[in-house]
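Taking it in order: structure first as structure tokens, then the write-up.
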Protein chains: 2
Amino acid sequence: MLDAEAWGAECCGERRDAAESRQRILDAARALFAERGVEPVSMYEVGRAAGVGQGTLYRRYEHKGALCGALLHESAGRFSEEVRVRLEGDDGPALEKLMYLLQRLAGFNEENAPLLGAIRDAAGGERRRERYHNPFYQWLRETAKMLLEIAVERREIPPLDTEYAADASLAPLNIDLYLYQRQELGMDRGRMTAAMRRLVLEGLKGSG
Amino acid sequence: MLDAEAWGAECCGERRDAAESRQRILDAARALFAERGVEPVSMYEVGRAAGVGQGTLYRRYEHKGALCGALLHESAGRFSEEVRVRLEGDDGPALEKLMYLLQRLAGFNEENAPLLGAIRDAAGGERRRERYHNPFYQWLRETAKMLLEIAVERREIPPLDTEYAADASLAPLNIDLYLYQRQELGMDRGRMTAAMRRLVLEGLKGSG
DNA sequence: TCTCCAAGCGGACAGTTGTCCGTTTGAGTG
DNA sequence: CACTCAAACGGACAACTGTCCGCTTGGAGA
């Protein structure tokens, strides 16, 4: 499960001054991001606006991606909880549930595009591994894999490499491609959902 | 077609001093990258090693991604040429040809991982669009789309949204996911190829 | 050959990231 | 309350990106 704290929430035994710094950083970031968007705001500015030194800022959030992750925490928790509830029931085909996951993920991309973009940008160079090696993606991956395993068990689909198939199913929803399709290519959500549905449920060779 | 120059080769009417600078920059970059890897080398260092000022360096290559693109030029040209030749013949199913494209792309990732990673890293923030809006990806995309259209025409597969399907087929081969699967998850190429083949040729529901 | 100027040059610079380190402080313990 | 020290603080700092701008130069035309 994707627990609280997964992507950078408050830790537990925080000293009072530390908690206050954290809150001031988050408030300042929220305000600046709301005013000017996420991308053009630097960590330097956040620190200045929050009235904390560089050391304090980076001690709490070691890069902009971590800060954005913390801001995304609530939204991500809601998302994973809603998905959990829907998947819990024993009703309906597992592939249908996988489609639900993917559609909800598209919605999550839509709602949180700027923060997700910033998180992605921050995970470059020596932080490349964090792009996939993070609790949120791990949860997506495990959930998709589980659904595919159930689908195989129930003979909805023949056996296949569920681990690879999970990554492959999620890959078209990576934030960069998603934004490219939406903003540059002008695809609408309905079209993308329909096309994705076709590919997931029928594959290329499906009955159309 | 992916022409020369697509990703940043020499331009045509270059002044002699400019050509010399460009060559020195490329030589210095190649040497530094070979010695220490791509990621930890900064543009600043490349400029210093090449003996050119910042202005000259950035006039030629406006960011590290562009420099890496230029270094990749030859390899990318070879790749697209080889694919072109294979696809030219009128023989065999279009889906087989799509698989060929994807497998060769996996090989391209493998051979050029560090440069591709650096290019990706450089395309963040206000340069997000360049991640997909570049001649190389456009060529991949158009090629995949064309093969899917042929497959539909020839009744290899039922009609579908070829544009979306092209992006979706290429998405699992994005360099970040590819490296994660290879390096973090320890998947081997054979497994990935087999799993991809299954998904492309049969879809999830295929005859297994 | 001389003139001219667009193209090219380099280095200073502002703004940023992320680290380091000496100083301060909050919260347990006696 | 006084003591202690790990935790937290802030600001200086080195390194880097990308821009700007005044100076230089290759090469085209007279």
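Here the structure is a predicted model, which means the values were calculated and not measured. In the text below, chain A, chain B and the rest are named by the order of the sequence lines, each starting its count at 1.
Annotation: salt bridge (Lys or Arg N to Asp or Glu O under 4.0 Å) contacts of B/Glu149 (sequence neighbours excluded): B/Lys145. Applying the side chain to side chain donor-acceptor pair (under 3.5 Å) test to A/Glu39 and every residue at least two apart in sequence or in another chain returns nothing. Taking A/Tyr137 as the reference, A/Asp167 meet the side chain to side chain donor-acceptor pair (under 3.5 Å) condition, with sequence neighbours excluded. A search for salt bridge (Lys or Arg N to Asp or Glu O under 4.0 Å) contacts involving B/Arg86 returns nothing, not counting sequence neighbours.
Here B/Arg59 does not reach the OP1 or OP2 of D/dC20: none of its side-chain N or O atoms lies under 4.0 Å away. For A/Ser21 and D/dA8, the shortest distance from a side-chain N or O to OP1 or OP2 is not below 4.0 Å.
In summary, the side chains of A/Tyr132 and B/Gln181 do not present any donor paired with an acceptor at a separation below 3.5 Å, with no hydrogens or angles considered.
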Between N or O atoms, less than 3.5 Å apart, protein on one side and nucleotides 20-27 of chain C on the other: list the pairs.
unit_1	atom_1	unit_2	atom_2	d
C/dT25	O2	A/Arg15	NH1	3.3
C/dT25	O2	A/Arg15	NH2	3.4
C/dA27	OP1	A/Arg16	N	2.8
C/dA27	OP2	A/Arg16	NH1	2.4

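Between A/Arg22 atom CZ and D/dC9 atom P there is a gap of 11 Å when expressed in whole angstrom units. D/dT19 atom C1' lies 20 Å from atom OH of B/Tyr61, rounded to whole Å. We find that OH of B/Tyr44 is positioned 10 Å from P of C/dG11, with the value rounded to whole Å. Taking atom CD of residue B/Glu45 and atom P of nucleotide D/dG18, one finds them 15 Å apart after rounding to whole Å.
Judged as a salt bridge (Lys or Arg N to Asp or Glu O under 4.0 Å), the pairs with a partner in residues 29-38 of chain B (not counting sequence neighbours) are, in order, B/Asp27-B/Arg30, B/Arg36-B/Glu45.
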